[in-house]
Novice: 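Before I ask anything, here is the structure I am working with.
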Amino acid sequence: VNERWDSFDVYRYGPFLENRFSFFQKTLNFSAGARLSTHEEYGTHESGELSGSYLIEKTNTRFKGHFGTGFREPALFELFGRTLSSRGVLTIFGNPDLKPEKSISWDAGLEQKLFHETITFAGTFFKNEFSRRIAFVGRSYAMREGGYTQGAEFELKWNPIKNLLLASSYTRTFAEA
């Protein structure tokens, strides 16, 4: 990075592996994944995920769950963001001292299909716990320790005729900084 933050070059890559397993005529499903994120500034970090679902065919009800770890490098605007007002005032809100975010997340829910699969209802509860996160504080980005988001998502879909799908969703999220 030069002194005026006019240019920034970074090398990063993140190979990802995933495998999916199905049992009992695809009523029981699992997937497992892993990523090795390498960033020339922040080093190498591992993250992974496990998920599964089980379908009760008689009632067309699917239970599902997920657990994962997360890693996110700061975005370029979080590191070097700035704006120039119409009056010519330069405001710098980026913070080049930011570190990557780290988190653990889980979710659990169900999906119910009704009336020959023309109506689908889904509900999911979730929680994301951060050991370290990026936040906009005051007039710039900063690092914060801890915090979480948690809540619930609900979705209703109706497919009354072929090629017409009506959908509605609602998410309620609580957060602690």
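Only this structure's heavy atoms are used, side chains among them; waters, hydrogens and symmetry mates stay out.
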Novice: Cut-off 3.5 Å, side chains only: do Asn128 and Ser103 have a donor facing an acceptor?
Specialist: no
Novice: Holding to salt bridge (Lys or Arg N to Asp or Glu O under 4.0 Å), I want the full list of residues that pass it with Glu18, two or more places apart in sequence or in another chain.
Specialist: Arg20
Novice: Should the heavy atoms of other residues, nucleotides or ligands under 6.0 Å from CZ of Phe67 be counted, would the total exceed 12?
Specialist: yes
Novice: For Pro96 and Phe80, work out which heavy atoms get closest and say how close.
Specialist: CB-CE2, 3.9 Å
Novice: Which one of Asp97, Ile134, Leu98, Asn95 satisfies the side chain to side chain contact (heavy atoms under 4.5 Å, CB included) criterion with Leu79?
Specialist: Leu98
Novice: Could you tell me which non-hydrogen atom of Pro74 sits nearest to which non-hydrogen atom of Lys99, and how far apart they are?
Specialist: CG-O, 3.7 Å
Novice: For Glu153 and Thr124, does a side-chain donor sit closer than 3.5 Å to a side-chain acceptor?
Specialist: no
Novice: Got a sec: does the CZ of Phe154 have more than 12 other heavy atoms crowding it under 6.0 Å?
Specialist: yes
Novice: Would you say Ser31 and Ser51 are linked by a side-chain donor-acceptor pair, where the criterion is simply a distance under 3.5 Å?
Specialist: yes
Novice: Kindly state whether the ring of Phe136 and the ring of Tyr141 have centres lying under 6.0 angstrom apart.
Specialist: yes
Novice: Mind checking salt bridge (Lys or Arg N to Asp or Glu O under 4.0 Å) for Arg144 and listing every partner two or more places apart, or none if nothing turns up?
Specialist: none
Novice: Salt-bridged, Arg72 to Glu78, with N to O below 4.0 Å?
Specialist: yes
Novice: Using a strict cut-off of less than 4.0 Å between a Lys/Arg side-chain nitrogen and an Asp/Glu carboxylate oxygen, indicate whether Arg12 and Glu40 qualify as a salt bridge.
Specialist: no
